[in-house]
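Chain identifiers are assigned alphabetically (A, B, ...) following the order of the sequence lines, protein sequences preceding nucleic acid strands; residue numbering begins at 1 within each chain.
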Amino acid sequence: MLYLTTIKHSYIKAVQTAFGIELNENDVLINETRKEFDGDYTFVIFPLVKTLGKSPEDIGKTLGEWLVTNDENIIGHNTIKGFLNLTLSFQFWTETIKSISKVSNYGISAPNGKKVMVEFASPNTNKPLHLGHIRNILLGWSCSKILQANGYEVIKTQVINDRGIAICKSMLAWQKFGNDATPTSTQIKGDHFVGEYYVRFEQELMKEYNEFQSSAEGIAIYDGLKKEGQDQTTFFKEYKNKYFNDHSALGAEAKQMLLKWEAKDADTVALWQKMNQWVYDGFDVTYDKLGVTFDSLYYESDTYLLGKKAVDIGIKKGVFYQEPDGSVWVNLEDVGMDRKIVMRSDGTSVYITQDIGTAQQRYADYGIDKMVYTVADEQDYHFKVLFEILKRLDEPFADGLYHLSYGMIDLPTGKMKSREGTVVDADDLIAEVIAEATEMSAERGEIVTLTEAEQINTLRKIGLGALKYFIIKVQPKKRMIFDPKESVDMQGQTGPYIQNAYVRIQSIIRKAGSEASSDAYLYVDINEQEKTLIKHIMNFPDIVKEAGEQYDPSSIANYSYALAKDFHRFYHDVRILNAETSEAKSFRIQLSIIVGDVLSKAFDMLGIEMPERM
RNA sequence: GGCGCCGUAGCUCAACUGGAUAGAGUACCUGACUACGAAUCAGGCGGUUGAAGGUUCGAAUCCUUCCGGUGUCACCA
């Protein structure tokens, strides 16, 4: 808040001159004056009351008088309880707008020379993306944009979980039941196509498992292992994993396939590559619709063996220790965590070992200063452990690690459960919001003047604007309830509401034509609506900074709404193009241009596009 | 059970990180298009901030204890 710091400094000076107390900038609290009181900005002077032993009214009066005399921007003051309210001159407002209009990249920081890698999306290749991925992607993408706006060089990446037992299940089912069908031959999007075989595998497995449960062997196991009073259904639900590993024929085949893959068997690898490629082609379509791209990709098939070297080094450094059976552990009990295995007794690595190795690899690849992992909060503990280990290994990037943790999404009906078929598919959802936007737009008939291609693009922007805003306005760490009906709302606190403010501004700009606005800053009759807008515009750089420090796009989302709301009110109450004087007109056009600019920058940071008309 | 996160209007979310009488949207009523685009604006209704204590000029925010929800505690990822 460049423009407010001058006021702050005046206040510090006032306190120093009047009372001989040295304050530094962080001790001073300045707020916008609440509507019900007289003034523009307010200092809280309670802290001084205590140290000075004077009444708040006396202190406020002394400071207020000093400020009015010594700062030309301040033209009035009053003190209520411990609050010193100040009124600013009209020049302050016009000068503020003047200087903001001259800044080329208002709210955006210059490059700071630091690199940050942001990881998000990170799907498995055995099924399509769903609503949970969308929250993840929006958060990761938005944080990337926000960090960029804060001066960082950002490298967007994802880990693609392209190996393991899950994809083998899809592969096996396709081999057995696919009859050489392909996404092309069936006209099914590749990720959905492969996902269907994953589901098919689970169905076949359940068929097999059900037979097993009524077989003599199954009954014997139930009788032998059941807990006191446990019924058969509950028992077999819990036993499923063990069944898959120890009894299932299909399970054995899938595991066999995984072993063949690990042994680099040519046919298996070829099948794996073919099916994964189908999935990637499908993902690309979804990413494209969401408007996201990546600068770098890490495939788990390349990284799953990384980290073994780190284990050796860790042992030498005394960070890890080896058990007699050969397994390797780290003990984090002194910092309130547990013992954690980092290498199995058979010498294979576990998940966290891969993560250690991958982090080191990324540092080697890019020399990054910071790394942000966008991963749901169910892995909070995992990342606590990972970061602690990297710290103990003295990794140079260890202080720059951040887990962008976010709450899972619930539906109004409860949790999303793939087994119960309540998972909201990403592609379906996107299609739905665009369809809704199309319907809403048809009622209005505004965009018919556009070409067919422009219409499609506009409807996509509006539909996705609604969806994205709905998700990103909630603070990341909070669990959110996703009501499909509300997500396509386009009125009230929604993406389209804010887009509409921008569109109105563009309409004004189109109509204002090339009329120069040199007299804009001669305007003297600043009104409340204009002041409110200017105050909010002044906050923008701070909001961007805070969003970057907190890794919190929701603050930008809420800010955008507040600004759009102020603009809508301004637009409604105040005449712009046919204003009462030419200075007023010029000033209001200039003000509108800045609001539009800030809104579009803010939305860009949220990953939401602005339509020119709607 | 241990540890973590979350409880704010009927519902979905805010609250400038400890500041004035806790704000928006939605839903439900009521008004405003012969003024720059009504995806808009204005008004009404709606609260013991899960509960009880504590800290201080001042608490939704910090501390303690409960209650509810959720996650995690694998030689799974």
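Between the side chains of A:D380 and A:S405, at least one donor N or O lies within less than 3.5 Å of an accepting N or O.
Between B:A22 and B:G46, the two P atoms lie 14 Å apart (nearest whole Å). If you take atom P in B:G68 and the same atom in B:C76, they sit 35 Å apart, rounded to whole Å. The gap from the P atom of B:U21 to that of B:U49 amounts to 14 Å, rounded to the nearest Å. Using atom C1' as the reference point in both B:U64 and B:A39, the two lie 49 Å apart (nearest Å). When the P atom is compared between B:U61 and B:C5, the two are found 16 Å apart, to the nearest whole Å. Taking the P atom of each, B:G4 and B:C62 are spaced 15 Å apart, rounded to whole Å. Taking atom P in both B:C11 and B:G47, the straight-line distance is 12 Å, to the nearest Å. If you take atom C1' in B:G43 and the same atom in B:C6, they sit 35 Å apart, rounded to whole Å.
By the side-chain contact (heavy atoms from CB on, under 4.5 Å) test, A:E36 pairs with A:R34, sequence neighbours left out. Among residues two or more places apart in sequence or in another chain, the salt bridge (Lys or Arg N to Asp or Glu O under 4.0 Å) test is passed with A:E609 by A:R460. Evaluation of the salt bridge (Lys or Arg N to Asp or Glu O under 4.0 Å) rule for A:K54 yields no partner, not counting sequence neighbours. Checked against salt bridge (Lys or Arg N to Asp or Glu O under 4.0 Å), A:K169 has the following partners two or more places apart in sequence or in another chain: A:E202. Here A:F383 pairs with A:Y373, A:F387, A:H403 under the ring-ring contact (aromatic ring centres under 6.0 Å, His included) rule; sequence neighbours left out.
Legend: ring-ring contact (aromatic ring centres under 6.0 Å, His included) pairs involving residues 529-548 of chain A, not counting sequence neighbours, sorted by first then second residue: A:F540-A:Y559. Annotation: side chain to side chain donor-acceptor pair (under 3.5 Å) contacts involving residues 340-351 of chain A, sequence neighbours excluded, comprise A:R344-A:T348, A:D346-A:T348, A:Y351-A:Q379.
For RNA chain B, if you chain together Watson-Crick or G-U pairs that step i with j, i+1 with j-1 and so on, the runs of at least three with distances under 3.5 Å are B:1-7 with B:67-73, B:10-13 with B:23-26, B:28-32 with B:40-44, B:50-54 with B:62-66.
At a threshold of 4.0 angstrom between heavy atoms, the contacts of A:R444 include nucleobase atoms, whether or not backbone atoms are also involved. Counting any heavy atom pair closer than 4.0 Å across all strands shown, A:N500 reaches sugar-phosphate atoms only and no base atom. Contact annotation for A:V488: no contact, since no heavy-atom pair falls under 4.0 Å across all strands. Among the protein residues, A:I481 comes within range of the sugar-phosphate backbone only, with heavy atoms under 4.0 Å from sugar or phosphate atoms but none that close to a base. Contacts of A:I165 with the nucleic acid, taken as non-hydrogen atoms under 4.0 Å apart, are absent.
With A:N276 contributing its side chain and A:D162 its backbone, the two residues share a donor-acceptor pair below 3.5 Å. Using modelled atom types, one side-chain atom of A:E530 and one backbone atom of A:N527 make a donor-acceptor pair closer than 3.5 Å.
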Next item on the list: Summarise how protein sits on nucleotides 15-28 of chain B as a single string, 5' to 3': B when a protein heavy atom is under 4.0 Å from the base, S for sugar-phosphate-only contact, - for no contact.
Entry: SBB-BBS-SSSS--

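Residues A:R163 and A:E262 are paired through a salt bridge, judged by an N-O separation under 4.0 Å between the basic side chain and the carboxylate. A salt bridge is absent between A:K535 and A:E32; no separation between the charged side-chain nitrogens and carboxylate oxygens falls under 4.0 Å. Salt-bridge annotation for A:D377 and A:K477: absent, with no side-chain N of the basic residue lying under 4.0 Å from a carboxylate O of the acidic one.
Within the 6.0 Å centre-distance limit, the rings of A:F570 and A:F567 are counted as a close aromatic pair. In this structure, the ring of A:Y304 has its center less than 6.0 angstrom from the ring center of A:W261. Residues A:F83 and A:F46 bring their aromatic ring centres within 6.0 Å.
Taking every side-chain heavy atom of A:P496 into account, B:A39 is the closest of B:U12, B:U40, B:A39.
Atom CG of A:D566 is separated from atom C1' of B:U40 by 14 Å (rounded to the nearest Å). A:H403 places its NE2 atom 12 Å from the C1' atom of B:C5, with the value rounded to the nearest Å. Computed from coordinates, the A:M610 CE to B:A39 C1' distance equals 13 Å when rounded to whole Å. With rounding to whole Å, A:I472 atom CD1 is found 20 Å from B:U12 atom P. Per the geometry, CG belonging to A:L48 stands 15 Å off C1' belonging to B:G58, to the nearest Å. A straight line from OH of A:Y571 to C1' of B:A39 spans 13 Å, rounded to a whole angstrom. Counting to the nearest Å, the P atom of B:C36 and the CZ atom of A:F570 are 15 Å from each other. What separates CG of A:L258 from C1' of B:C76 is a distance of 13 Å, to the nearest Å.
Of the residues in residues 50-61 of chain A, those lying under 4.0 Å from RNA chain B by heavy-atom distance are A:K50.
Heavy-atom distances to RNA chain B give each of A:R504 and A:I352 a nearest nucleotide, and the one nearer the 5′ end belongs to A:R504. The nearest heavy atom of RNA chain B to A:E300 and to A:A437 marks one nucleotide each, and the one closer to the 5' end goes with A:A437.
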Check: Would A:R588 and A:E580 count as a salt bridge (Lys or Arg N to Asp or Glu O under 4.0 Å) if you check the C-alpha gap in whole Å, the side-chain angles of each, and the deciding distance to 0.1 Å?
Finding: CA-CA 11 Å; A:R588 288 170 189 164; A:E580 50 282 9; 3.0 Å; yes

Check: Step by step, would you call A:Y321 with A:R339 a side-chain hydrogen bond (donor to acceptor under 3.5 Å, both in side chains)?
Finding: CA-CA 11 Å; A:Y321 64 93; A:R339 288 165 17 113; 2.5 Å; yes

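For B:A35, neither phosphate oxygen OP1 nor OP2 lies less than 4.0 angstrom from any side-chain nitrogen or oxygen of A:R575. Put simply, A:K585 has no side-chain N or O that comes within less than 4.0 Å of OP1 or OP2 on B:C36.
Classified by its glycosidic torsion, B:U17 falls in the syn category, the angle being within 90° of 0. Syn is the classification of B:C33, since its glycosidic angle stays within 90° of 0.
Under a cut-off of 6.0 angstrom, the local environment of NZ in A:K545 is sparse, with at most 12 non-hydrogen atoms contributed by other residues, nucleotides or ligands.
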Contacts under 3.5 Å, N or O only, protein and nucleotides 30-32 of chain B:
none

Look for any protein N or O under 3.5 Å of an N or O in nucleotides 67-75 of chain B and output each such pair with its distance, or none.
from, atom 1, to, atom 2, distance (Å)
B:U70, O2', A:R479, NH1, 2.9
B:G71, OP1, A:K415, NZ, 2.3
B:G71, OP2, A:K415, NZ, 3.3
B:C75, O3', A:R344, NE, 3.0
B:C75, O2, A:S345, N, 3.0
B:C75, O2, A:S345, OG, 3.2
B:C75, N3, A:S345, OG, 3.0
B:C75, N4, A:D325, OD2, 2.2

